[in-house]
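Have a look at the structure below before the remarks.
As the structure is a prediction and not an experimental result, all values here were calculated from the model.
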Amino acid sequence: MPVFRILIVDDEESLREMLKEFLEGEGMLVELAQNGREALEKLHSLSFDLVLLDLRMPGVSGVEVLQEIKKEEPELPVVVITAYGSVDNAVETLKMGAFDFITKPFKLEELLNTISRALEVERLKREKQYLLEEMQDKFCFEGVVGQSPRMKEVMRVASLVAKTDATVLIYGESGTGKELLACSIHRQSSRRDKPFVVVNCGAITETLLESELFGHEKGAFTGAQARKLGKFELADEGTIFLDEIGEMSPAMQVKILRVLQERNFERVGGTSVIQVDVRIIAATNRDLKKEVREGKFREDLYYRLNVVPIELPPLRERKEDLPLLCEFIIENHAQKLHKKIKGISPQAMRLIKKYNWPGNIRELDNVIERAIILTEDEIIGVEDLHIFEAPREPHWKSLKELEKDYIEEVLEYTGGDIEKAAHVLGISPEELEKRKT
């Protein structure tokens, strides 16, 4: 059973001592203050679960103490004690954030009931915090949330690889949280106190990407008015995250391969070789194996990057994680938006689970944040979600496409052996060569 610490603030010594004896008999820890100034000193030096506060005191008044409490610790419950003739003042304190008030003279049972209600709220808050921390330990890897079998495997592999300097290649659709996972691996690694640098390779043109990654010297090209350090230099001793690496041109792939092999590079327009100690984590939403077979991605670079592959499943394939994800998203946004949100209605959760989430976690985050902003209730309902899925035209593959896909699967199964694949397909090796092009 939790032990609560209570601060009693009253200028009547006999009342203070009587309340102290009574509450200690109920198993509570009690601190006393005879005026507002002493109360504020205690509040700054100790942590309390509840304050019993008399309104009328010499010097610093109870109202001033309440204002300071709500400024410094807005969640700390305060029960106001007031004389019968000051009930109007006590009601005003409720508007200021007091939990409740009790008028003198009062019965100890009445006071204990009020205290019990206030502490029950505090107990529930502690319990919620404990459950959140427990969920964090069980189902979280530095912010990556999930309890589905596939996500547990993702977190298991991520926690193991984080202890090493191995290169990681993260696969996943847009919005599945690839950058978050990469950052989580960095934060769990020995490089956690060094930079984590992000580069979106698909958002920058090839010419600019080289300068962005490796930097440039003054005068290297038109507009290069000063030396610029590249992302690899900025990430020295830390981690660089190369997002959408499948978008890189063949020429850039060669340069990245050199960095992986030699751990050095030259700035654009420079001649000095720059050594770096950088861990590389890459990510893609493409099938790089297929890209290698089609000659669109370098095989040697693929194997350099694919040391430890991690596949993040799309949200539609891990719907059992939705309640947990929603809880974490609500906790995050409600605090920033200063909204009190207790959860999601069962009907709204059924809609969330039914929806296919083409935008994955990024879309879920946007939907929940918008719902928190727009709702006027403490429970997010169906009408707050604004979920819709645009109808899609079905994509029918031609027989030629189906044949090509099937041939690729057989070739992958046989390790690229033409004769074995031809035998499986029941055609000659020569015919297979024609059909696979």
Side-chain angles (χ1 to χ4, degrees), residues 74-75 77 97 99 117 120-155 158 172-181 183-184 285 311-394:
E75 299 299 317
F99 177 81
R117 284 191 294 110
E120 176 65 10
V121 173
E122 183 66 20
R123 184 190 67 77
L124 289 172
K125 282 196 299 186
R126 286 187 182 187
E127 189 175 272
K128 182 179 180 182
Q129 184 61 33
Y130 169 77
L131 289 172
L132 284 173
E133 289 172 359
E134 190 177 57
M135 282 194 293
Q136 183 84 9
D137 291 340
K138 286 184 178 179
F139 309 128
C140 226
F141 175 73
E142 274 289 311
V144 180
V145 180
Q147 57 184 341
S148 60
R150 290 185 68 181
M151 285 307 296
K152 284 181 179 178
E153 178 62 14
V154 165
M155 288 184 271
E173 293 179 7
S174 179
T176 49
K178 299 187 291 293
E179 182 177 333
L180 177 61
L181 180 61
C183 183
S184 300
N285 58 12
E311 184 175 356
L312 273 173
L315 195 49
R316 63 183 174 275
E317 294 179 10
R318 47 178 291 219
K319 287 191 174 181
E320 59 265 58
D321 288 332
L322 280 166
L324 195 62
L325 282 165
C326 290
E327 177 78 24
F328 273 79
I329 292 170
I330 289 171
E331 190 76 18
N332 180 36
H333 287 304
Q335 186 176 7
K336 290 190 295 187
L337 296 168
H338 307 291
K339 296 285 288 282
K340 186 177 181 182
I341 304 294
K342 291 181 179 178
I344 298 175
S345 73
Q347 297 87 347
M349 183 54 72
R350 280 198 293 272
L351 177 61
I352 286 171
K353 288 182 176 179
K354 185 179 177 182
Y355 184 56
N356 210 33
W357 298 108
N360 293 298
I361 296 172
R362 187 180 294 130
E363 183 182 8
L364 176 66
D365 185 84
N366 289 341
V367 167
I368 297 297
E369 182 181 11
R370 182 172 61 239
I372 292 170
I373 292 169
L374 297 179
T375 188
E376 296 178 358
D377 202 347
E378 293 184 347
I379 300 293
I380 293 173
V382 171
E383 66 281 359
D384 301 313
L385 293 175
H386 303 286
I387 293 176
F388 68 93
E389 190 162 13
R392 300 177 184 176
E393 287 292 328

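Between atom CG of residue D365 and atom CD1 of residue I329 there is a gap of 5.0 Å, rounded to the nearest 0.5 Å. Note that CG of N332 and CD of E327 are 12.0 Å apart. Values are rounded to the nearest 0.5 Å. Note that CD of E363 and CG of L315 are 9.0 Å apart. Values are rounded to the nearest 0.5 Å. Rounding to the nearest 0.5 Å places CZ of R370 at 13.0 Å from OG1 of T375.
By the salt bridge (charged side-chain N to carboxylate O under 4.0 Å, His left out) test, E179 is found to be paired with no residue, residues two or more places apart in sequence or in another chain being considered. For E383, there are no side chain to side chain contact (heavy atoms under 4.5 Å, CB included) partners two or more places apart in sequence or in a different chain. With sequence neighbours left out, Q347 forms a side chain to side chain contact (heavy atoms under 4.5 Å, CB included) with S345, R350, V382. Under the rule for a salt bridge (charged side-chain N to carboxylate O under 4.0 Å, His left out), E320 has no partner lying at least two apart in sequence or in another chain. With sequence neighbours left out, the side chain to side chain contact (heavy atoms under 4.5 Å, CB included) criterion links D321 to Q147, S148, M151, R318, L325. In terms of the side chain to side chain contact (heavy atoms under 4.5 Å, CB included) criterion, residue partners of L337 (sequence neighbours excluded) are, by chain and number, H333, K339, E369, I372, I373.
Under a 3.5 Å cut-off, the side chain of K342 and the backbone N or O of D377 do not form any donor-acceptor pair. Judged by distance alone, the side chain of W357 and the main-chain N or O of P314 form no donor-acceptor pair under 3.5 Å. Judged by distance alone, with hydrogens and angles left aside, the side-chain atoms of K178 form a donor-acceptor pair with the main-chain N or O of E173 at under 3.5 Å. Here the side chain of N360 pairs a donor or acceptor atom with the backbone of S174 at under 3.5 angstrom. Using a distance-only test at 3.5 Å, with no hydrogens or angles considered, no donor-acceptor pair links the side chain of K353 to the main chain of L322.
The two residues P313 and E311 come nearest to each other via the heavy atoms CD-O, 3.5 Å. Across every non-hydrogen atom of G381 and A348, the tightest pair is C-CB, 3.7 Å. Of all heavy-atom pairs between K319 and Y355, the closest is NZ-O, 2.9 Å. Closest non-hydrogen pair, T176 versus L312, comes out as O-CD1, 3.8 Å. Taking both residues in full, the closest heavy atoms of M155 and G146 are given as CE-O, 3.0 Å, listed atom of the first, atom of the second, then distance. Closest of all the heavy-atom pairs between A334 and I341 is CB-CG1, 4.3 Å.
Here the options are I380, V367, I368, the test is side chain to side chain contact (heavy atoms under 4.5 Å, CB included), and the partner is I352; only I368 passes.
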